Amino acid sequence: MSFQQEDTINQRPITPETMQRLAFIRLLVQQGVDQSQLPDPLSAGSILTFHDAVEFFLILTSEHLGISVPDRGQFVARYYDNLHPDKAGPVGVDLAGRIGVKRLTDQRNAFKHTAAMPSAETVRQARADTTQFFEDNTPRVFGTAFTGIDMVDLVPQPNTRDKVRQAAGQEAAGNRVEAMAWLVEAFDELLASASEPTSFSGTPFSFGTNIRFPLPRRDVARILRQPRERDQHMPVRGASTLAEEYVTLRESVVALQRGARLTALGIDYSEYWRFNSLTPSVYRPNQHSEARISAPPGYSPNAEEYAYCQRFLIAAALRISQAIAHRRPPSWEN
């Protein structure tokens, strides 16, 4: 393919719908990468995810370039041959990675149609082939790096989406700790929007009201020590002990409440646990205060950890949107 042909392709306008579909493909690939790193045999499902992402990309490529691809025929040949400039003319594209896609397709067919479990080496090869396919072909077709595709637009909740954009801006500026803090704020916003009552009957995802400004243990103890009739049977340090028990119980209930909300909304708790362990604590005394970031000594997340947290948040936003859409209000609320 000549430089002139490739430059023409890169200049084709990308519609917002196409960009959103590219963002979904990138999210799908990242989910496949996460799957591929699970213990065997849980990693086997990544073969299907990788192939779905490649097929989605090839379909989108044919639509973007305006090239008709036949429905029948061998999968790799249908796209690589019909999209090639030799057949499609100047609008065509010489896609890279044909051998890798053929290998991935054979692995997918063996797994899906003959129940041949892929080995750990097969999964690693599929991950490498898929990664190389997208790194090579996204610039050729769409004129942008695959890692440069912005997935933020996939977040359907406007307030959450704004905070994820703030995180992306901080990450681009090299302020990763602040970027992680914005992801925490985005997730808190997301969970609050899903669990806040929207009617008299409330929401099935709340599991009680939030304790927004919990009293410190020392204040609870002071309240319990207020003057009252002398009781000879009052245990020594009874107020402090009761305050400690109350605060411990409160913290347990808050943790259980969050776990119940996540489970009800379809969010994997183990994925949330990793997100929570990778991000700092963020506290605001009130909605107008600046965020206070608290992290352990030496806290220094890397780019892969930031990418995981962003993917988790986007996937959680989509799951929550689906969960809320499935809720049917009572007839008297219509």
Side-chain angles (χ1 to χ4, degrees), residues 1-33 35-36 41 43-119 121-146 149:
M1 184 177 181
S2 69
F3 174 82
Q4 185 178 2
Q5 288 171 323
E6 183 172 352
D7 186 60
T8 301
I9 290 172
N10 289 347
Q11 291 181 2
R12 293 179 69 90
I14 301 178
T15 65
E17 180 186 1
T18 296
M19 186 56 67
Q20 188 172 43
R21 293 166 75 183
L22 279 172
F24 173 75
I25 291 171
R26 187 181 174 201
L27 181 64
L28 196 61
V29 172
Q30 293 301 326
Q31 288 178 333
V33 170
Q35 285 179 302
S36 72
S43 61
S46 65
I47 299 293
L48 304 178
T49 305
F50 286 142
H51 192 274
D52 285 347
V54 169
E55 184 174 11
F56 198 165
F57 181 89
L58 292 172
I59 293 171
L60 186 59
T61 295
S62 68
E63 293 179 2
H64 176 66
L65 300 180
I67 301 172
S68 178
V69 175
D71 295 332
R72 297 181 179 275
Q74 198 268 341
F75 174 75
V76 177
R78 278 196 296 128
Y79 286 100
Y80 274 80
D81 293 349
N82 286 284
L83 293 175
H84 195 277
D86 289 346
K87 192 165 186 177
V91 297
V93 59
D94 184 11
L95 293 170
R98 182 170 185 146
I99 294 176
V101 173
K102 176 64 167 60
R103 182 164 48 228
L104 176 64
T105 301
D106 291 342
Q107 293 162 349
R108 176 257 190 189
N109 290 340
F111 179 37
K112 184 173 182 178
H113 299 299
T114 68
M117 295 295 293
S119 65
E121 179 55 37
T122 297
V123 170
R124 282 194 292 270
Q125 184 66 60
R127 182 173 63 233
D129 288 340
T130 302
T131 301
Q132 195 65 50
F133 171 86
F134 284 104
E135 288 181 354
D136 291 343
N137 290 314
T138 306
R140 294 188 183 203
V141 179
F142 298 101
T144 185
F146 186 63
I149 296 172

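These numbers come from a predicted model, not from an experiment.
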Visitor: Between D94 and P85, what is the shortest heavy-atom contact and its length?
Guide: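 Answer, listing the atom of D94 first, then P85: N-CD, 3.8 Å.
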
Visitor: Once rounded to the nearest 0.5 Å, what's the spacing between atom CD of Q132 and atom CD1 of I99?
Guide: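 Reported to 0.5 Å precision, the distance equals 12.5 Å.
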
Visitor: With a 4.5 Å limit on heavy-atom distance, are the side chains of K102 and Q107 in contact?
Guide: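 Answer no - side chains too far apart.
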
Visitor: Can you tell me how far CD of Q20 sits from CD1 of I25, rounded to the nearest 0.5 angstrom?
Guide: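 I25 CD1 to Q20 CD: 11.5 Å, rounded to 0.5 Å.
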
Visitor: Which residue pairs pass the side chain to side chain donor-acceptor pair (under 3.5 Å) test with at least one member in residues 68-81, sequence neighbours excluded?
Guide: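 Listed once each, the pairs are D81-R98.
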
Visitor: How long is the straight-line distance from CD of Q30 back to CG of L27, given to the nearest 0.5 Å?
Guide: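 Reported value, rounded in 0.5 Å steps: 8.0 Å.
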
Visitor: Closer than 3.5 angstrom, by distance alone: can the side chain of T138 be matched with the main-chain N or O of E135 as a donor-acceptor pair?
Guide: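 Between the backbone of E135 and the side chain of T138 there is no qualifying donor-acceptor contact (under 3.5 Å).
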
Visitor: State whether the side chain of R108 and the backbone N or O of L48 hold a donor-acceptor pair below 3.5 Å, judged by distance alone.
Guide: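 Such a contact is absent between R108 side chain and L48 backbone.
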
Visitor: Does F75 reach the side chain of V101, with side-chain heavy atoms less than 4.5 Å apart?
Guide: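 They are in contact (side-chain heavy atoms under 4.5 Å apart), so the answer is yes.
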
Visitor: Given side chains that start at C-beta, do those of N137 and F142 come closer than 4.5 Å, heavy atoms only?
Guide: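 Result no, sub-4.5 Å side-chain heavy-atom pair not found.
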
Visitor: Please report the C-alpha distance between Q35 and T49 in whole Å, then the side-chain angles of each, then the deciding distance to 0.1 Å, and finally whether the side-chain hydrogen bond (donor to acceptor under 3.5 Å, both in side chains) criterion is met.
Guide: CA-CA 9 Å; Q35 285 179 302; T49 305; 2.5 Å; yes

Visitor: Is there a side-chain contact between R127 and S36 in this structure, where contact means two heavy atoms from C-beta onward sitting under 4.5 Å apart?
Guide: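 When only atoms from C-beta onward are counted, S36 and R127 do touch, with a gap below 4.5 Å.
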
Visitor: Just by modelled atom types, is the V69 backbone N or O under 3.5 Å from a matching donor or acceptor in the N82 side chain?
Guide: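 No.
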
Visitor: Taking the side chain as every heavy atom from C-beta outward, state whether T105 and H51 have any pair of such atoms under 4.5 Å apart.
Guide: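 Yes, at least one pair of side-chain atoms sits under 4.5 Å.
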
Visitor: If you look at every heavy atom in I67 and A88, which pair is closest and at what distance?
Guide: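 Between these two residues, the closest heavy atoms are CD1-CB, 3.6 Å.
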
Visitor: Applying side-chain contact (heavy atoms from CB on, under 4.5 Å), run through Q31 and R26 and close with a yes or a no.
Guide: CA-CA 9 Å; Q31 288 178 333; R26 187 181 174 201; over 6 Å; no

Visitor: Looking at the rings of F133 and F50, which for Trp means the six-membered one, are their centres under 6.0 Å apart?
Guide: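 Not under 6.0 Å, so no.
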
Visitor: Looking only at heavy atoms, which two atoms of L58 and L83 are closest? And how far apart?
Guide: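 Closest pair (atom of L58, atom of L83, distance): O-CD1, 4.4 Å.
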
Visitor: If you look at every heavy atom in P13 and H64, which pair is closest and at what distance?
Guide: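 Taking P13 first and H64 second, the nearest heavy atoms are O-CE1, 3.4 Å.
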
Visitor: Do V29 and V54 come within less than 4.5 Å of each other through their side chains, counting heavy atoms only?
Guide: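 Of all side-chain heavy-atom pairs linking V54 with V29, none is under 4.5 Å.
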
Visitor: About how many Å separate CG of L60 and CD of E17, when rounded to the nearest 0.5 Å?
Guide: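 If we round to the nearest 0.5 Å, E17:CD and L60:CG are 8.5 Å apart.
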
Visitor: Rounded to the nearest 0.5 Å, how far does CG of L104 lie from OG1 of T122?
Guide: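 Spacing of OG1 (T122) from CG (L104) equals 11.0 Å.
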
Visitor: Got F146 and D136 here, is their nearest side-chain heavy-atom distance under 4.5 Å?
Guide: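 Of all side-chain heavy-atom pairs linking D136 with F146, none is under 4.5 Å.
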
Visitor: Is the side chain of T18 donor-acceptor paired with the backbone N or O of I14 at a distance under 3.5 Å, no angle test?
Guide: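 Flag not set: sc T18 to bb I14 has no pair under 3.5 Å.
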
Visitor: Write down the atom of P139, the atom of A145, and the distance for their closest heavy-atom approach.
Guide: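 Here P139 and A145 meet closest at CG-CA, 4.3 Å.
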
Visitor: For L95 and V141: C-alpha separation, side-chain torsions, deciding distance, then whether side-chain contact (heavy atoms from CB on, under 4.5 Å) applies.
Guide: CA-CA 8 Å; L95 293 170; V141 179; 4.0 Å; yes

Visitor: Any chance you could measure I47, atom CD1, to N109, atom CG, to the nearest 0.5 Å?
Guide: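 Between atom CD1 of I47 and atom CG of N109 there are 11.5 Å.
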
Visitor: If only atom types and distance count, is the side chain of T131 paired as donor or acceptor with the main-chain N or O of A128 below 3.5 Å?
Guide: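 A pair under 3.5 Å: no.
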
